[in-house]
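FYI, the numbering just counts along the sequence from 1.
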Amino acid sequence: MRKGLSWFNVTSITLGFAFLYIPIILLVIYSFNASRMVTVWAGFSTHWYVQLFQNEQLLDAAWVTLRVAFLTATIATVLGTLAAIALTRYGRFFGRTLFSGMVYAPLVMPEVITGLSLLLLFVAVGIDRGFWTITLAHITFTLCFVSVVVQSRLVTFDRSLEEAALDLGCPPFKTFFVVTLPIILPAVISGWMLAFTLSLDDLVIASFTTGPGATTLPMRIYSQVRLGVTPEINAACTILIAIVTVVVIFASIMTKRQEIEREKAERLAAAG
């Protein structure tokens, strides 16, 4: 059996990455285009970034989007982690099938159906649509992704570490925060990042559940793209790419440090 990458694998990987990242690279390059025509290069300029920061509508939409994404990711991470613990640790409890089905349903359900269902719910309950309805909808949508990520880590978790802490007199609540949470923290951070990115990117569900004064950035960009792409939109997308890249790098560094500290603690425990 031949080892290493074949020419076919290298070509496939190269074409795949080119298909994914060349459009993003072109978008970033043309965000510094001096021309108002987004397809005609007229020299390097940061004019459209200046124009972007003077565009109150885009700035307000970006601020709404970031607030929704942060709240969504934080709340969905807490609830998704608790759901993963319940599904992993408590075996066959009453209503488990229904509970797991409700948790995982948004994974396979089309966003149009999810958005329309939540819209009908908010209308029936009489909740005014706006910032909080978008946040609740995004929490419902992203919670399942966090649960799947955290549950995959809990399945391989060594329960003897918790049992040792309990035998030494550590209360269950403190055991979770001192022993369990630091070990599963990389998965929790990954779930938070995934929820943040999904909320930041969502257009369909937000379109159904939004209201006056709660226009997200994807909605604003989509409404402007229908009238023609402007370099300001390229600049806004470039800033979003930069934000997501920084968050991913930061989370990767934190996850790597957690793994190093965990391995170090395990080696010290084995040596002791």
Above 12 or not: heavy atoms from other molecules or residues under 6.0 Å from CZ of R257? no
Heavy-atom closest pair (A206 atom, T216 atom, distance to 0.1 Å) is CB-OG1, 4.2 Å
| query | Under a 4.5 Å side-chain heavy-atom rule over Ile, Leu, Val, Met, Phe, Trp and Tyr, are I221 and F53 clustered together? | reply | yes
### Query
Should R129 and V123 count as side-chain neighbours, where that means a heavy-atom distance under 4.5 Å?
yes
Check your understanding: Can you get from F99 to M102 by hopping between Ile, Leu, Val, Met, Phe, Trp and Tyr side chains that sit under 4.5 Å apart?
Key -> no
Across all chains, not counting sequence neighbours, the ring pair (Phe, Tyr, Trp, His ring centres under 6.0 Å) partners of F19 are none
Practice prompt. Would you check if L136 and F122 make a side-chain contact, meaning some heavy-atom pair closer than 4.5 Å?
Written response: yes
Tell me whether the count of non-hydrogen atoms from other residues, nucleotides or ligands lying under 6.0 Å of CG in D128 goes above 12.
no
key: Exam field: side chain T88 to backbone I85, donor-acceptor pair closer than 3.5 Å   = no
For residues 74-87, the side-chain hydrogen bond (donor to acceptor under 3.5 Å, both in side chains) pairs (sequence neighbours left out) are T74-W192
TODO: Would you sort out whether L58 and L217 count as a side-chain contact (heavy atoms from CB on, under 4.5 Å), showing the intermediate values?
DONE: CA-CA 7 Å; L58 280 177; L217 188 58; 3.8 Å; yes
Connected to V64, directly or through other members, by ILVMFWY side-chain contacts below 4.5 Å are V68, L71, F131, W132, I134
field: Under 3.5 Å donor-acceptor, S31 side chain and V28 backbone
entry: yes
Membership question, hydrophobic clusters at under 4.5 Å side-chain separation (ILVMFWY): are L120 and L118 in the same one?
no
* **Ring centers of F177, F173 separated by less than 6.0 Å** => yes
A side-chain contact here means heavy atoms from C-beta on lying under 4.5 Å apart; do D60 and T215 qualify?
no
| message | Run I184 and L154 through side-chain contact (heavy atoms from CB on, under 4.5 Å) and show every step you take. | response | CA-CA 7 Å; I184 67 171; L154 286 172; 3.8 Å; yes
| said: Any non-hydrogen side-chain atom of V178 less than 4.5 Å from a side-chain atom of F176? | reply: no
Sequence neighbours excluded, the answer for side-chain contact (heavy atoms from CB on, under 4.5 Å) partners of T245 is I241, I249
| Contact check, side chains of L166 and P172, non-hydrogen atoms, under 4.5 Å | yes
Residue pairs passing the side-chain hydrogen bond (donor to acceptor under 3.5 Å, both in side chains) test with at least one member in residues 138-150, sequence neighbours excluded, are H138-S199, H138-D202
_Determine whether V146 and L194 satisfy the following criterion, side-chain contact (heavy atoms from CB on, under 4.5 Å), listing intermediate values before the conclusion._
CA-CA 7 Å; V146 178; L194 184 58; 6.0 Å; no
- Side-chain donor/acceptor of T210 to backbone N/O of S207, under 3.5 Å: no
- prompt: Do the rings of F141 and F145 sit parallel, tilted or perpendicular, given the 30° and 60° boundaries?
  reply: perpendicular
Checklist line | From CA spacing to verdict: side-chain contact (heavy atoms from CB on, under 4.5 Å), S6, N9 | finding: CA-CA 5 Å; S6 65; N9 292 336; 3.3 Å; yes
Note: with side-chain heavy atoms under 4.5 Å as the link, the other cluster members for M109 come out as I113
Less than 4.5 Å apart, any side-chain heavy atom of Y49 and any of T238? yes
Original post:
Does CZ in F70 sit with more than 12 non-hydrogen atoms of other residues, nucleotides or ligands closer than 6.0 Å?
Top reply: no
Worksheet item: Considering only heavy atoms from C-beta outward, does the side chain of L200 approach that of L66 to under 4.5 Å?
Response: yes
* **Check: L52 and I239 side chains under 4.5 Å, non-hydrogen atoms** => yes
